[in-house]
Amino acid sequence: MDETVWAIVVHGGAKTIQPDTAEAHRRGCAIAAEAGAEILRRGGSAIDAALRAVRILEDDPTFNAGQGSVKNAAGETEMDAAIMDGKTLAIGAVAAARRLANPIEAAAALLEAPAILLVGEGADRFGYNIGLRCIDPASLPASPVQSPGHDTVGCVAIDRAGHIAAATSTGGLEGTLPGRVGDAPLPGCGFYADDRIGGVSLSGEGEAIARCLLGSRVMRAMENEPADEAVTVIFEPMDRLAAEAGVIAIDAAGRIGIAHNSDHFALACASSACPGVISAIHQNELKVSEPDD
Ligand code: ASP
């Protein structure tokens with residue numbers, strides 16, 4: 001791995017973005033990507049960069065994650081989050097958490113634990129016990145400000161040592177059954193990272209993404225193709241299931257790939273080839289860069 005190469009890409013959900021929130025989506029993604037890029041530029045780790053970027057997106061009420069999350073059919077917020085270290089294949093994930101202010105922090109803490117996924121009260125209790133900020137679910141805003149549709153945030157990063165991390169966090173889909181868990185905390189569905197191949201983070205209709213292991217399909221394609229070609233494998237299975245999805249990816253050479261069949265996909269990226277952050281609400285707005293451009 002060339003030690004000058006680093007890259008980060010973040011997403012703020014595959015969905016329809018109303019014109020009056022387009023700028024908030026671009027700005028929110030740009031701020032998160034810049035915070036992660038700043039870590040990578042000075043030689044920090046991909047895990048730290050992805051964690052920082054996703055925590056910022058969780059804290060931004062524009063996005064359906066963390067405290068900005070939508071309500072389920074019982075009027076409750078349930079959040080899923082996951083992070084993966086492509087160096088060790090360590091995974092940390094939480095699902096249907098209700099009290100964690102930043103579910104991605106609990107997921108990151110689990111990278112060091114034997115368990116890879118904690119759900120519901122177990123996830124909340126784990127976060128509380130290690131001193132993470134917890135909130136009263138009843139104190140969350142009754143009417144989230146996000147655009148209608150589905151939504152998730154995520155990040156994939158590669159650091160100068162060639163280590164890759166992927167992170168995904170979501171409030172899930174609005175109005176679903178209490179206890180419903182989508183693709184976001186499931187490896188090979190909403191996220192995956194392996195230094196030998198690359199990393200992915202997805203958004204979209206979680207049940208459809210899980211049914212066809214969409215993240216895993218992109219990973220498999222990246223074994224033989226650069227990220228920008230590999231991501232196109234999402235279209236056929238999503239057509240078959242008549243579902244919407246978006247994916248961000250970085251391959252082991254630091255190339256970025258983005259694909260979505262949703263109207264919009266909030267995005268931002270930066271890399272050693274293109275160090276300034278560029279953000280967009282559609283893949284066509286971005287010029288995806290090569291590390292040695
Ligand atoms: N994939 C998420 C879920 O199904 C939602 C989304 O990305 O819009 O929970």
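Indexing begins at 1, ligand by ligand and atom by atom, following the structure's order.
With distances taken over non-hydrogen atoms, the option nearest atom 7 (O) of ligand 1 out of Thr168, Thr152, Asn64, Leu202 is Thr152. In this structure, of Gly246, Ser203, Gly204, the residue bringing a heavy atom nearest to atom 5 (C) of ligand 1 is Gly204.
Close contacts of ligand 1 with Gly172, meaning ligand atoms under 4.0 Å from a residue heavy atom, involve 9 (O). Close approach of ligand 1 to Asp183 (heavy-atom distance below 4.0 Å) involves ligand atoms 1 (N), 2 (C), 3 (C), 4 (O).
By the criterion of a heavy-atom distance under 4.0 Å, the side chain of Arg180, and not its backbone, is placed next to ligand 1.
Remark: distances from the non-hydrogen atoms of Gly13 to ligand 1 are all 4.0 Å or more. Ligand 1 is never approached by Lys15 to a heavy-atom distance shorter than 4.0 Å.
The neighbour count for Glu223 CD, taken as heavy atoms of other residues, nucleotides or ligands under 6.0 Å away, is above 12. Remark: Arg211 CZ is loosely packed, at most 12 non-hydrogen atoms of other residues, nucleotides or ligands lying under 6.0 Å away.
In this structure, the separation between CG on Leu202 and CD1 on Ile234 is 7.0 Å, given to the nearest 0.5 Å.
When the options Ile248, Ile281, Val247 are evaluated for a side-chain contact (heavy atoms from CB on, under 4.5 Å) with Phe265, the one that passes is Ile248.
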Taking it one step at a time, do Glu105 and Arg55 satisfy salt bridge (Lys or Arg N to Asp or Glu O under 4.0 Å)?
CA-CA 7 Å; Glu105 287 188 339; Arg55 199 172 44 212; 3.1 Å; yes
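The aromatic ring centres of His260 and His282 sit less than 6.0 Å apart.
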